[in-house]
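Inspection log for the structure reproduced underneath, given as structure tokens.
Chain naming here is simple, since letters A, B, ... match the order of the sequence lines and numbering starts at 1 in each.
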Number of protein chains: 4
Amino acid sequence: MVEAVEPVGRDKRVARSQAAVLAATYELMLEGGLAGVSVDEVSRRCGVAKTTIYRHWPSRSALLLDACSQMGTAVPVPDTGGLAGDLHILVEGLADQLRAPGWPAILPSIIDAAERDPDLARAHAELHRSLMDPFLDAVEQARRRGDIRGDRDPTAVVASLVGPLFYRRWFSREPLDAAFVDQVLDVALDVAGAAARQGSTSGGGARSGPVR
Amino acid sequence: MVEAVEPVGRDKRVARSQAAVLAATYELMLEGGLAGVSVDEVSRRCGVAKTTIYRHWPSRSALLLDACSQMGTAVPVPDTGGLAGDLHILVEGLADQLRAPGWPAILPSIIDAAERDPDLARAHAELHRSLMDPFLDAVEQARRRGDIRGDRDPTAVVASLVGPLFYRRWFSREPLDAAFVDQVLDVALDVAGAAARQGSTSGGGARSGPVR
Amino acid sequence: MVEAVEPVGRDKRVARSQAAVLAATYELMLEGGLAGVSVDEVSRRCGVAKTTIYRHWPSRSALLLDACSQMGTAVPVPDTGGLAGDLHILVEGLADQLRAPGWPAILPSIIDAAERDPDLARAHAELHRSLMDPFLDAVEQARRRGDIRGDRDPTAVVASLVGPLFYRRWFSREPLDAAFVDQVLDVALDVAGAAARQGSTSGGGARSGPVR
Amino acid sequence: MVEAVEPVGRDKRVARSQAAVLAATYELMLEGGLAGVSVDEVSRRCGVAKTTIYRHWPSRSALLLDACSQMGTAVPVPDTGGLAGDLHILVEGLADQLRAPGWPAILPSIIDAAERDPDLARAHAELHRSLMDPFLDAVEQARRRGDIRGDRDPTAVVASLVGPLFYRRWFSREPLDAAFVDQVLDVALDVAGAAARQGSTSGGGARSGPVR
DNA sequence: AAGTAATCGAGACGGTACGTCCAGTCTTACA
DNA sequence: TGTAAGACTGGACGTACCGTCTCGATTACTT
């Protein structure tokens, strides 16, 4: 994982160079995906010598990897008291992120690389976990409360929740409109077999609810 | 772009070179993703001069794109008479493909490229359509038959069906086991609000069945 | 020896690039010795891409070597009929060359490299031979004519002739004035044990003759 | 320049570091000539930090230069009472040194550098002087004794003596066999016009031996 | 069947990038 | 203060690839 290079006060220069390099790398990544990042260009853009870059990261891949890891979008775990409310917040947040530019443009690059490079696969796993953990936590918390069926695999619930969103963002490239997001949420609650349906409605608002 | 390489009887040599080039490209693509394909290597491997390759494809991207298009995995539209049966066949088939090596390893490359290159985005859209059309057809046919709720967007149904599968293959990298696939199928039928699904209730639990 | 790259009419570009590269290399060599030649700088200076340079010469050394070989200063063998006259012309010519800028500034570089690199040693040997052969020829011819003692090693005669000149140019860095050159010539003729001394004077003119 | 490294008691550490550095430098010089010495490698090899090296020598050249100076092969001035005897000892000693590994392998490096760097030229001059002074002393002593012709330039005599030896060692790379050395000595005595050399007019052959 | 034009291979060429090594300067922390 | 440790800029090395180019040798279609 490239070792965030212990920031012991040792040398401020180290910290400054590394920050500059990572920033430039991230910028280039946004512009052209992983493939659009070249060490030479990073060096040129941030004024840090190529040699210095290679002193801190053993290879271009390591640099990319590090830049990817920093991408972790910390999402606070909500606690509305009910599964529906929690998930609603989380899903809306995710949809917002997916609609924005930024990491959604890079992720396919990472996934592609992860397909072949074990190191990047590990980085991707970590990144993914940091992204999905709040969802998983919400679901597991609900299960502990007895709000959902005990025989449901929480990861499957999460899959049914975020899978369709991801699908629309990267595969079908259809818009992530509110109606779709609501419907997805609805379905996922069904999957969870949410016990107390009445409470769940509070979360959605717009949600039409399956029936009445 | 890429101009379908009209194989009009023009010259047999043309056809032969192009076939050889595409084959080598495809091979390299499987080995190392889009990034693993270099024109030099393609030339070396299939014995066709680099010049010739550039004579037929304006750029590396165009070649990749063309090779990707050939990847289209033709899926026959099943017709069991019922939505559940049709989808079952389709989903199982898709899951099988996702579990196999081959294009699942390449698709992220394409999606990544599509994120920035409009041409590749178009190619991806086409590829995607050819993959998903059978699903959409099945759903729409069911709707015409009145088997599912009319207020459901067919594309949303498809998303809830394949989204979770895709998610597991590329994002969470969890196994696509049979139980998961079954559950996904169940849920999707719920989403569709499939009529007369007495058996399906097992999936939803609380869900009292579609409509009414 | 890098193969002067047969100038078959194939491609004029090859000839042109190579000529430009060698010229720039030679120029840089004059300015800074072998050590002053960098492939990057050659490329920059003559407008030939570094890649192209490496296409024609496997390494920097090979390029240097080739440039050195081209340095051969063809000296015509004189024929005044007598050893003294021949040597006089040759020695004066050599002294002139030693006094001029140009290869005298580079030769130490080559000798140094030859001390460790067998390839360059070979190149140096060839260069040296082309430089000294006229001297050797003159001496051997004289021997065939019976003008000099038969028990003298021709190479030793040459050594006694050019050794002191070389010594002054590179080792003691004293000036190569006419008196010195004359004296050296005188001595060498002594070494040769030139038979007909009277004839030898014709060559020197200035030469005061040993004693009386 | 280079400031003779005054070993004033200042700090013992200084002396120790400098000695270690010079030793490592000399070692590297023997292995790969001047070009084979890199400050990094010196630092690595002798455990003295690069910074420290640059504190004591302003540049790589200065270090090389200093190391070269240490190379001075002190040659004792012989005194056999006669020029022939003195020169015989000196020349044999020089030939022995030339045949050995060590500085003969480095000198071309120095000469090359001296061709362009005035500082190194000065260092070379000094080194050269320390090497040739015994020869010059012997000749001048003989002249004072009246043993040789007064109209001969002593430096020319020295040139005729060591020039051929140097020539064979570095330029023609022919062996420095005893016969050659003897002949060179013979000739030089001729040049000197050693007194009472009735035979000398003959050039060679006739020469009845050194003197007397 | 010959002639003409399309097609081909071989590979030179200018560029950009890679990852390494070295020169020299500068900073920090320890004696 | 002198030293070790090592970060930093900058430049060169030799390699791989991209996309363009010129050349001469094969084809295949045409007359």
Side-chain angles (χ1 to χ4, degrees), chain A residues 5 8-18 37-44 47-62, chain B residues 9-18 35 37-44 47-63, chain C residues 5 8-18 37-44 47-62, chain D residues 10-14 16-17 35 37-44 47-61 63:
Chain A
V5 180
V8 275
R10 284 203 61 77
D11 208 326
K12 286 172 197 165
R13 288 178 299 172
V14 176
R16 212 174 326 146
S17 325
Q18 283 179 338
V37 178
S38 90
V39 179
D40 275 348
E41 182 59 24
V42 169
S43 164
R44 226 172 285 132
V48 171
K50 202 163 53 137
T51 332
T52 302
I53 299 178
Y54 277 105
R55 213 193 316 282
H56 294 304
W57 293 273
S59 71
R60 195 189 81 115
S61 303
Chain B
R10 290 201 62 77
D11 206 324
K12 285 172 197 167
R13 289 175 297 171
V14 176
R16 213 173 325 144
S17 317
Q18 286 180 339
V37 179
S38 91
V39 179
D40 277 344
E41 182 58 26
V42 168
S43 163
R44 227 172 285 134
V48 171
K50 203 162 56 137
T51 331
T52 304
I53 298 179
Y54 277 103
R55 229 189 305 275
H56 293 305
W57 292 273
S59 72
R60 193 188 84 116
S61 303
L63 171 59
Chain C
V5 180
V8 276
R10 276 201 65 77
D11 210 326
K12 284 172 199 165
R13 289 177 300 170
V14 175
R16 214 174 323 148
S17 325
Q18 284 180 339
V37 179
S38 90
V39 179
D40 275 348
E41 182 58 25
V42 169
S43 163
R44 228 172 283 129
V48 171
K50 200 162 55 136
T51 335
T52 302
I53 298 178
Y54 277 104
R55 220 189 311 278
H56 293 304
W57 291 273
S59 71
R60 195 188 82 114
S61 304
Chain D
R10 288 199 61 77
D11 206 327
K12 284 175 196 164
R13 287 178 299 171
V14 176
R16 211 173 327 141
S17 316
V37 179
S38 90
V39 179
D40 277 344
E41 183 58 26
V42 169
S43 162
R44 224 172 286 132
V48 172
K50 202 162 55 138
T51 333
T52 305
I53 298 179
Y54 276 103
R55 217 192 314 281
H56 293 305
W57 291 272
S59 72
R60 194 189 83 115
S61 304
L63 172 59

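Mapping D/Thr52 and A/Thr52 onto DNA chain F by nearest heavy atom places D/Thr52 at the nucleotide closer to the 5' end.
We find that CD1 of C/Ile53 is positioned 9 Å from P of E/dG14, with the value rounded to whole Å. Atom pair C/Trp57:CH2 and F/dA12:P shows a separation of 19 Å (rounding to whole Å applied). Separating the NE2 atom of D/His56 from the P atom of F/dT1 is a distance of 15 Å, rounded to the nearest angstrom.
Between B/Ser38 atom OG and B/Lys50 atom NZ the span is 9.0 Å, to the nearest 0.5 Å.
Residues that satisfy the side chain to side chain contact (heavy atoms under 4.5 Å, CB included) test with A/Arg55, not counting sequence neighbours, are A/Thr52.
Looking at D/Val39 and D/Tyr54, their side chains come closer than 4.5 Å, going by heavy atoms from C-beta outward.
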Contact pattern, 5' to 3', of nucleotides 16-21 of chain F - B, S or - by protein heavy atom under 4.0 Å: -BBBBB
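Scanning both residues, B/Ser43 and B/Val48, for their nearest heavy atoms gives OG-O, 2.9 Å.
The backbone N or O of D/Val37 lies less than 3.5 Å from a partner atom in the side chain of D/Arg60, making a donor-acceptor pair.
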